[in-house]
Structure formats: C-alpha cells, structure tokens
Amino acid sequence: MSDQVPVPHGLPTDRDAGPFAPPSAITRLRDARPVSPMLFPDGHEGWIVTGYDEVRSLMADNRFSSRQDLGILHVPHEVPGMPEITEPSPQVPGMFIAMDPPDHTRLRRKLTGAFTVRRMKLLEEHITEIVERQLDRLARLTPPVDLVKEFALPVPSLVICELLGVPYADRESFQVNTARFMDRELPFGEKMAAYGAMSAFLAELVTGKRAEPGDDILSDLARDEDLGIDELTGIAFLLLLAGHETTANMLGIGTFALLEHPEQLAELRADPGLLPGAVEELMRYLSVVDVLYRYATEDLELGGETIPGGSTVLVSLLAANRDPRRFADPDALDIHREARGQLSFGHGVHACLGQMLARIEMRAGFAGLLRRFPDLRLAVPAGEVQLRTNMQIYGVHGLPVTWTATA
Ligand code: HEM
C-alpha cells in the first residue's frame, strides 16, 4: 500500500467534487490506503476505513465495538465549546445502536417483531395513503416551494409518529431538537440542551404509555416490565431520530439527484417498475449516513494494517459505496445497476432495523412525486442548493422546486 497520501487531520467534509460525490480527499485516501491512520482534532491517532471489502469485514466483526462508553470517543470535527473529554461518556440506557452483544441483542430482539418484512408489507398501503395526502397538500401550494419542508420531512415524520404513537402535533419540537442534536457545528452546550429537551419529552410520553398503553410500538414496549423507563426513553429517542432524519434526507437529496439526471428521471417516470432498483442505487450513490464510528477493543488486523486496541475508527460508508473494486463506474448514477450489496443500511448486527420501512417510504414517495408532478424542476440554480455538510446525516437543507400548476 502506498503511504503517499498524507494522513488526514480531521474528517474531510468539503464536497469539492460536487454535491453527490465524496470529498476528493476521501476518494484519494480509499484509492491509496483503504485502511488509513487519521489524526483527530484533539490529537488522538485514530483510523479511517474507506474500502468496500474492508468496511464490510469491519462491520461484521464485533471486536470493532459500537460502545462509546468503552473508550473516549474522539470527535472528528472541531465542535465549538466542546469540553476536553478525559472520561468515557456513560452508556445511554436503551440506545442499542451504541451497544454490543449481548446488551444490544437483548434490546434489538424486543423490536424485531414490529419491523418484520411481513409487518411492513401490511403497512405499505397506509404509507402510500400518507404520501398521497401530503402530495395533495403540496399540489394546493403555489410554487416555488421547499420540497424538504413540504414533503421530504413530513412523510417519514408522519409515518414514524404514527408507528411509535408520538403525537404529530409535537413535531416542531422534535424536528428542531433532533436537527440541533445532529448539527456538527453547533456549540456543545446547545447540542446537549437539545438532547435533554428530547429526552424529557420522550420520558414523559413513555411514562404515560406505561400507565395507559395504546396501540403502537412504544406502548407494546411499555407493556414489557423488563424495560425501565430510562430504557424506553432511549429506545424511543433512537427510533424517532433514526426513523425520520435519514429517510427525509434520502427523499430530499434523492429528488435533487434525479432532477440533475434528466434521462434517468424520464426512464423512471415511463416505467415505475424500475423504482425498487432505482431506490437501491440512490441509496448507494448518496450514502446519506456517510460515516459511522467504531472502537477497536484490541489490536485488530484489517486490510493488511494493524489497528491498535483503543483506537477510534471512522467507517466511511460513502467511500465504500463508491469503491471501483466493488461497483463498476461507481461515480455514475445508474438506475439499471445491480446495487444490491450497497452498504447504506449498514451491515452486521447493527444493520438498519428500519430498512424495509425506509424502502417502502422511498418507493411510495418517489413514485407519487414523479407521477403527480410531471414537470417538477429546481426553482434555483443547482449550485445554490444548501448542502448539509455540517450535519451528521447528509442531504440538503432545503430544495426549492417549482412546477406548472394545472388547475
Ligand atoms: C433511508 C433511510 C435510512 C438509512 C440510510 C439508515 C441507515 C442506517 C445505518 C447505516 C445503520 C447502522 C448504524 C451502525 O451500524 O452503527 C442504521 C441502524 C438503525 N436504523 Fe436505520 N436507516 C434508515 C432508516 C431507518 C428507519 C425508517 C428506521 C425506523 C425505525 C431506522 C432505525 C434504525 C435503528 C433502530 C438502527 C439501529 C440498529 C441496531 O443498532 O441494531 N432506520 N440505519
């Protein structure tokens, strides 16, 4: 392996190669050294993994821990007001995305029944209704409108609120607080305040459900006396956040990407049967959850390198999904491509619990949008679309669109 590419200092986030492409520094790194040391802003020598095969093997190996309480999590960006961390952060009860087996297994198992393929298929019709209702509202507006605000964010928020039994009327507060929590550049104190507000809101909600359960996923969990209120709160936080932020960003930047590829868009309009494959390819191409974190619990060999125990390891799903050793012509969006094996829903024990739900929402969302708005187009030059380079989940902050009103 060549050492010619310098060790990165901090995670490169500048989308210098275009809104849909990885930062060029990440691409160079993958091509030269797919498992590479990286210097964190606090001086810690950690690692970044960018090659497809290497990312896949890492994610299948639980010795690369998801626990942030095991070691100090070194933050790959400068966060204003961040105190110097000398102690590992405590484990958040219920937050099983940041746990290892067997703790992870115990909690995830309580939810697998609610997210089976069969359960999700039963929901498909209802999700389509939610999409159509939102499209009716959109059609009544006078363009130009922000597609994120009026469509991409409401659809997954409505769906996850209904599934979990969170009042949609409270969306303002949880959408604002999750956005603040996921903002890489927000001062640390403000991030924690947003986290505290979300937790307080959800603790009250699950306490109510324990006393008086209804017909929703959080109520089903609240009936299980094995789970404490703090665990229920953490699970609710995880599901609510993961359930709307990710899919909303895929719908937003996915529409942007399609509008920027008019031939593929036209093909998709002509043959909606292409949608499932197109969604998989958009997932690969856009990789909105671009980076994950792991912690090496011991010295570990990966891709011919030795990662010392105690290292924080960044996993670039975005770089892996653009690896030419796995996908031919990886930087082209090609809705006919066999994109199965794309890593955007993760891999291994933490593979996305909501992936079937997300797929159904995206298929229904893109299908409805393309059918109802045959001449949908950007209302600003593409270069003016605000990219979420400051956020932990990538996408667009807003997508100004217009169309020719028919009525
Ligand atoms: C396009 C949309 C989505 C994307 C790109 C996405 C991506 C991911 C990724 C990459 C992971 C793995 C994290 C890791 O290994 O550290 C994950 C985990 C997870 N996702 Fe999603 N997700 C999406 C939608 C959803 C939805 C709709 C839900 C609904 C509940 C959801 C719930 C979860 C949960 C609970 C986990 C943690 C699983 C575990 O730790 O066992 N996700 N997701």
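As a basis for the values below, the full set of heavy atoms in this structure was taken, side chains included, without hydrogen atoms, waters or symmetry mates. Numbering starts at 1 and runs along the sequence shown. The structure displayed is predicted, hence computed values, not measured ones. Both ligands and their constituent atoms are indexed starting at 1 by order of listing.
- At least one N/O-N/O distance between R108 and ligand 1 falls below 3.5 Å.
- Considering A351, P101, G348, S344 only, the shortest heavy-atom separation from atom 5 (C) of ligand 1 involves S344.
- Those atoms of ligand 1 with a heavy atom of F96 less than 4.0 angstrom away are 35 (C), 38 (C), 39 (C), 40 (O), 41 (O).
- Of the charged side-chain nitrogens involved, at least one lies within less than 4.0 Å of a carboxylate oxygen, so that E281 and R284 count as a salt-bridged pair.
- Those atoms of ligand 1 with a heavy atom of L292 less than 4.0 angstrom away are 13 (C), 14 (C), 15 (O), 16 (O).
- Heavy-atom contacts of F115 reach the following atoms of ligand 1: 30 (C) (cutoff under 4.0 Å).
- Residues forming a side chain to side chain contact (heavy atoms under 4.5 Å, CB included) with D53 (at least two apart in sequence, or on another chain): none.
- Side chains of C161 and F174 form a contact here, defined as non-hydrogen atoms less than 4.5 Å apart.
- Of the charged side-chain nitrogens involved, at least one lies within less than 4.0 Å of a carboxylate oxygen, so that E190 and R180 count as a salt-bridged pair.
- Between the CG atom in L376 and the CZ atom in R371 there is a gap of 13.5 Å [rounded to 0.5 Å].
- Listed by first and then second residue, the side-chain hydrogen bond (donor to acceptor under 3.5 Å, both in side chains) pairs involving residues 378-392 are D183-N390, E245-R388, N249-R388, N390-H397 (not counting sequence neighbours).
- Heavy-atom separations between H244 and ligand 1 are all 4.0 Å or longer.
- With respect to atom 1 (C) of ligand 1, the closest heavy atom belonging to the protein is M250 CG, 3.6 Å.
- Aromatic ring orientation, F237 versus F181: perpendicular (interplanar angle above 60°, classes split at 30° and 60°).
- With respect to I26, the side-chain contact (heavy atoms from CB on, under 4.5 Å) criterion is satisfied by exactly one of V291, L318, I48: I48.
- The distance between the ring centers of F40 and H9 does not fall below 6.0 angstrom.
- Each of the following atoms of ligand 1 lies closer than 4.0 Å to a heavy atom of M362: 1 (C).
- Contact annotation for I97 and ligand 1: heavy atoms of both the backbone and the side chain come within less than 4.0 Å of the ligand.
- Between H350 and ligand 1, an N or O atom pair is found at a separation short of 3.5 Å.
- Applying the side chain to side chain contact (heavy atoms under 4.5 Å, CB included) rule to D136 yields the partners R140, R372; only residues at least two apart in sequence or on another chain are considered.
- The shortest separation from a heavy atom of M283 to ligand 1 is under 4.0 Å, placing the residue in contact.
- Taking the six-membered ring where the residue is Trp, H261 and Y285 present perpendicular rings, their angle passing 60° and hence far from 30°.
- The side chain of H104, and not its backbone, has at least one atom closer than 4.0 Å to an atom of ligand 1 (non-hydrogen atoms only; side chain from C-beta on).
- Listed by chain and residue number, the protein N/O/S atoms under 2.8 Å of atom 21 (Fe) of ligand 1 are C352 SG, with waters left out.
- In terms of protein heavy-atom proximity, atom 15 (O) of ligand 1 is nearest to R294 NH2, 2.7 Å.
- Looking at V349 against ligand 1, only its backbone comes within 4.0 Å, counting heavy atoms.
- Atom CG of D215 sits in a sparse spot, with 12 or fewer heavy atoms from other residues, nucleotides or ligands closer than 6.0 Å.
- We find that R325 and E54 are joined by a salt bridge, their nearest charged nitrogen and carboxylate oxygen being less than 4.0 Å apart.
- Contact atoms of ligand 1 toward L317: 10 (C) (distance under 4.0 Å to a heavy atom of the residue).
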